[in-house]
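Worksheet: one structure, shown below.
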Amino acid sequence: AAVAIVQTAKGQTIQKAVPENAIYEDPTKKLGTLAGEIGTRSPFVKSVKKPSDISSRSPLQDFYGIITPSDLHFERHHAGVPVINPNKHELVIHGLVEKPLVFTLADLKRFPSVSRIAFIECSGNFRGGKENLTPQEICGLTSQSEWTGVKLSTLFREVGVKPNASWFLAEGGDAAVMTRSIPVKKGWEDSIIAYAQNGEPIRPEQGYPFRLFNPGWEGNTSVKWLRRLELSDTPYYTREETSKYTEPIKDGKFRIFSFDIDARSIITFPSFPQQVEKGWIEIRGLAWSGRGKVVKVEVSTDAGKNWQIAQLNDPILDKAHVQFRHLWQWKGEETEILSRVTDETGYTQPTLKQLFEARGNDGGYHMNPITAWQIKKDGKVLFKPETFK
Amino acid sequence: AAVAIVQTAKGQTIQKAVPENAIYEDPTKKLGTLAGEIGTRSPFVKSVKKPSDISSRSPLQDFYGIITPSDLHFERHHAGVPVINPNKHELVIHGLVEKPLVFTLADLKRFPSVSRIAFIECSGNFRGGKENLTPQEICGLTSQSEWTGVKLSTLFREVGVKPNASWFLAEGGDAAVMTRSIPVKKGWEDSIIAYAQNGEPIRPEQGYPFRLFNPGWEGNTSVKWLRRLELSDTPYYTREETSKYTEPIKDGKFRIFSFDIDARSIITFPSFPQQVEKGWIEIRGLAWSGRGKVVKVEVSTDAGKNWQIAQLNDPILDKAHVQFRHLWQWKGEETEILSRVTDETGYTQPTLKQLFEARGNDGGYHMNPITAWQIKKDGKVLFKPETFK
Amino acid sequence: PKVLADTVPSSFGYGRNATQAEIDRLDIDVRPDGKGLPKGEGISAKGKVIFEEKCVACHGAGGIGGPNGSLVTNKTPTDKRREKTIGNYWPYATTVFDYVRRAMPFNEPGSLSNEEVYHLTAYLLNANGIIDEKDVINAQTLPKVEMPAKNLFVPDDRKGGAEIR
Amino acid sequence: PKVLADTVPSSFGYGRNATQAEIDRLDIDVRPDGKGLPKGEGISAKGKVIFEEKCVACHGAGGIGGPNGSLVTNKTPTDKRREKTIGNYWPYATTVFDYVRRAMPFNEPGSLSNEEVYHLTAYLLNANGIIDEKDVINAQTLPKVEMPAKNLFVPDDRKGGAEIR
Ligand code: HEC
Ligand code: HEC
Ligand SMILES: [Ca+2]
Ligand SMILES: [Ca+2]
Ligand SMILES: [Ca+2]
Ligand SMILES: [Ca+2]
Ligand SMILES: [Ca+2]
Ligand SMILES: [Ca+2]
Ligand SMILES: [Co+2]
Ligand SMILES: [Co+2]
């Protein structure tokens, strides 16, 4: 890429075009690009999401800190990302309410607002089975933003939710007209109608101009491109909460309305396909729980025999990704490194085996087990696939 | 903008091109764009920085929450933004050290890392004088990111800083080869060599591949595109710390090495050129201090006669922008609204008059006074210019 | 200076009243008790014709084995894991109507008439062996259809704490 | 399982030793005591020639009133606020050498030879009335130049707390 030639408002500044191979020779001898309206990303940075037909996974191994860059937030949608004109898009709240109301984006922004840094994870966020998997491939369907919006409880008060309303249907304005039934209790507790993400309007992939956000709950419930909430005395048993987002447990039964994201952690460094060198290694990763705060992350560098308490980087927030770090001196031995998180309810991330013992081994949604990395003698890092069924 | 036609990896999906005027008709009847590698921004979102020859101001009035979108982070540089090849860029630490060392970006990332959400403000961040000013124009030279990097103290230990080293020179690799002298004490306390911003590599405008970051200090000291640190027993009195970034106080004297950013707050909503309606208004703004945590923000809706405690939105972090909010019922009267912050040292943001009483009225750097908005009878919001000299 | 406190209002008064007409335009959901089902009716034979024209490319002949998943339970299963279908996994028949109307066909969502959706629903229920070929599906009959998977589901019993569930 | 604790090392061993040659290549700063000044010398007359060729467009004839700011103190000031210049605001003469060498001319930074920078420094000091026309500026003489603004500056006395400073 050739350096752009930029002129000042007054036409003063002169940056000569330079031959391609001279570009990076000595930046101290070449006037740089002047201040612009929109910042750029270095052409040397090549981090992207990994798309499939139905989703796109965040490159967790490339992240620093707890904020996911908005354009690298994972995507999951059931009929693509709609192009929505915010001037034609409204939110209707009706059903078991005293006063059915319609809100424009501008209306929503006038209400008292709230911001919180919190993750969204798809409950279908687990891939395993082979050694050459990156964190992105294993569990890239989780991302974190600072979400800003109006509390759903504020809108509930505004429309006058009736005492017999126990569920509400949340409906999107995308081509799937996506729907989920949500207990009204969640709406009184902490649901948000979010219109902003990391300081700017929500991105199209995340629900522009606004979405429901249910902190700590499986991502699918946080209906994007929200257009309608209907208060009801029964759930709707929509396709997304019956055919999908239900999972097998023992005795031929399936769990329905399984909302909470179980506590989870993953080591993002070192991870496949990185290669480590002997010496001090800062093991790094992310930990979170849909049930509250992370209270502890433990790391094992000897395949689970011994565990050490990892450092947690502030801020440690409710229902939020937290960074953990652990210094480890690798002497060249073949080993496995693992992490496990404990949340404020006392739940500790289980092994895949423990999950199978509890639920049967059919897999499905809400698989948030401990994941291990194998460190080979030559420093190669490989995912440790665990066998089941 | 016409909807992009996207095909799946398997070539399955068909999105017909539609005439421009049909695009936003009914998104529920048109398959959306499939998941991609990089997220997008809605074409309806038009927020940009305001560039001059030497800087570019963040649109504070458009922000939500405490994170500044990385591409809207303010810019201030003295010879433009260099294009730096991270494979050719290194950090040399020398001078009064036991062991002069050179670090590549990869080296820096191997050290124990730290992340913190904190602001950077230019100490020249004040414009006044006329009514039609936006928050961006008044004080858009402040932005906030989650910065990740290695503590400078870690590198100090690595090179063995000698006991007689009291200052260090930080030098950038841009075309100004920007330099500032920093007390070694700050380096031991909380300086960071930051290589990431809001989860991704630092943006070119913010110092890619790495910068010095001095939390709470005037932005100019956080030298970008850092290439060299020299430990010394005296400051260097560079041009940026003598001719610039010094400011008049009384008796014909000028302050030098004035690092701390004084506590400041600004109401970002409502602000010029918005127009308000009668009824409940959530007054919103940002508050921060370079000396530690914000402990209190007060808002006055009667031109400073009475003050009420505003709500602070969590997290309230050290040397960080904090959001404040205050519900106000506007009945149509002409008035002025103001905010003032108090930080953990007990410093309360003064009026411009108080600053002039303390320093003389020549203006200059570190002007962080209370700023007021006039609310006109018709709901128009105008900045209140205060007269001096 | 004194410190005052504004009270929080019980209503902010933002937004506008929703008219019944605009609610009706959006309110396309169908509940298990049939609330939301429109006028009209359908039969399997007509549904089959529509299915073969508009659905078969993605969901396979007879609703089995298409690139976007089977909708009909395969009575002669191979040894691979059994696909979840309307016949063996959907607890309420109303969901078929609701979902097909809102989201299918994938490439032309929202293009079907209510009548067409009734026919397709009848076809899919019959193909799954749940209703007879001659059964008429409408707002009265659909909620009464008993689905094989009705009792498959149990509420979430996870609740945090030390126990793994 | 037991809980163990690794110790934090006194050195991580990352990075490589800096050779004197590579330090010298980068170490272009000049301190008030003259540390960092290279060999060579300059005089005002030669500096004037270079200035008129390479600087005057941005900083004005004689260093006064250009579009990018005056460098020389105007002895016949108008009633507008006095510009801050080398003559009335810079505490150390070494800063002129340091800054011009690293950053000027703005459109061709880093293009001047040490000799040229010495000449320009001599010129700017002389134009500001600080040194004589014949004075030679080099590593020995430059740190000794007494600047008019030397005692203008006081350290920051702000320290937080209730008092406004
Ligand atoms: C162009 C491809 C395509 C066509 C044509 C199509 N579908 Fe689909 N169908 C899909 C896809 C893809 C899904 C899964 C959507 C998602 O991501 O949730 C799906 C899902 C379904 C489901 C839910 C299946 C389950 O197990 O949850 C039903 C029912 C369905 N389609 C019925 C129909 C009917 C009826 C038609 C015709 C009127 C039709 N489809 C036409 C692609 C198609
Ligand atoms: C193309 C325009 C341009 C040219 C040519 C130019 N300068 Fe500058 N000069 C500037 C600008 C712009 C600045 C302010 C830079 C900044 O943003 O910090 C400046 C700043 C300076 C300063 C600091 C002034 C102060 O008060 O802090 C000095 C000294 C200086 N220039 C000397 C020179 C000399 C000597 C030359 C010729 C060798 C030169 N300049 C050529 C544009 C120019
Ligand atoms: Ca999402
Ligand atoms: Ca900056
Ligand atoms: Ca309904
Ligand atoms: Ca299926
Ligand atoms: Ca030096
Ligand atoms: Ca000047
Ligand atoms: Co679930
Ligand atoms: Co200062």
(Q) I need the minimum non-hydrogen distance between B:Leu72 and A:Glu37, along with the two atoms involved. (A) CD2-O, 4.1 Å
**Q.** Side chain / backbone / both / neither for B:Arg57 at chain A, heavy atoms under 4.5 Å
**A.** neither
Q) Between B:Ser55, B:Pro82, B:Pro86, which shows the greatest number of heavy-atom pairs under 4.5 Å with chain A? A) B:Pro86
Q: Measure A:Pro315 against the heavy atoms of chain B and call it side chain, backbone, both or neither at under 4.5 Å.
A: side chain
Q: For each of A:Asp314, A:Leu317, A:Ile66, tally heavy-atom pairs with chain B at distances under 4.5 Å, and name the one with the top tally.
A: A:Ile66
Q | When B:Pro59, B:Ser115, B:Pro112 are compared by non-hydrogen pairs under 4.5 Å with chain A, the top option | A | B:Ser115
Q: Find the one option among B:Lys29, B:Arg227, B:Arg116, B:His77 whose heavy-atom pairs under 4.5 Å with chain A are most numerous.
A: B:His77
(Q) Check the orientation of B:Tyr195 and A:Tyr64. Use parallel for under 30°, tilted for 30 to 60°, and perpendicular for over 60°. (A) perpendicular
Q: Identify the two heavy atoms, one from B:Arg284 and one from A:Lys109, that lie closest to each other, and give their separation to 0.1 Å.
A: NH2-O, 2.5 Å
Q: For each of A:Thr68, A:Val177, A:Asp71, tally heavy-atom pairs with chain B at distances under 4.5 Å, and name the one with the top tally.
A: A:Asp71
Q) Does A:Ile67 reach the side chain of B:Ile67, with side-chain heavy atoms less than 4.5 Å apart? A) yes
Q | Residue pair B:Val45 / A:Tyr208: nearest heavy atoms and the distance that separates them | A | CG2-CE1, 3.7 Å
Q) So, does A:Ser56 use its side chain to make a donor-acceptor pair with the main chain of B:Gly36 at under 3.5 Å? A) yes
Q) Sub-3.5 Å donor-acceptor pair from the side chain of A:Glu205 to the main-chain atoms of B:Thr40, do we have one? A) yes
Q: Take atom CD of A:Glu282 as the centre, draw a 6.0 Å sphere, and report whether it contains more than 12 heavy atoms from other residues, nucleotides or ligands.
A: yes
Q: Quick one: closest heavy-atom pair of A:Arg325 and B:Ser113, and the distance?
A: NE-OG, 2.9 Å
Q.
Please identify, among A:Trp225, A:Phe269, A:Phe111, the residue contributing the most non-hydrogen atom pairs under 4.5 Å to chain B.
A. A:Phe111
(Q) Contact between A:Glu146 and B:Glu146 at the side-chain level, heavy atoms closer than 4.5 Å - yes or no? (A) no
Q) Which pair of non-hydrogen atoms, one from B:Gly173 and one from A:Pro27, has the smallest distance, and what is that distance? A) O-CB, 3.6 Å
Q) So, A:Glu200 side chain and B:Pro69 main chain: donor-acceptor pair closer than 3.5 Å or not? A) no
(Q) Testing the basics here: between B:Leu34 and A:Asp53, what is the closest heavy-atom pair and its distance to 0.1 Å? (A) CD1-O, 4.1 Å
Q) Can you say whether B:Ile202 sits under 4.5 Å from chain A via the side chain, the backbone, both, or neither, judging by heavy atoms? A) neither
Q: Heavy-atom pairs under 4.5 Å with chain A are the metric here; pick the option from B:Pro209, B:Gly80, B:Gly279 that has the most.
A: B:Gly80
(Q) Rounded to the nearest 0.5 Å, what separates atom CD in B:Gln206 from atom OG in A:Ser42? (A) 13.0 Å
Q. Measuring from A:Thr148:OG1 to B:Asn313:CG, what's the distance to the nearest 0.5 Å?
A. 7.5 Å
Q) Side chains of A:Ile38 and B:Arg41: closer than 4.5 Å at any heavy-atom pair? A) yes
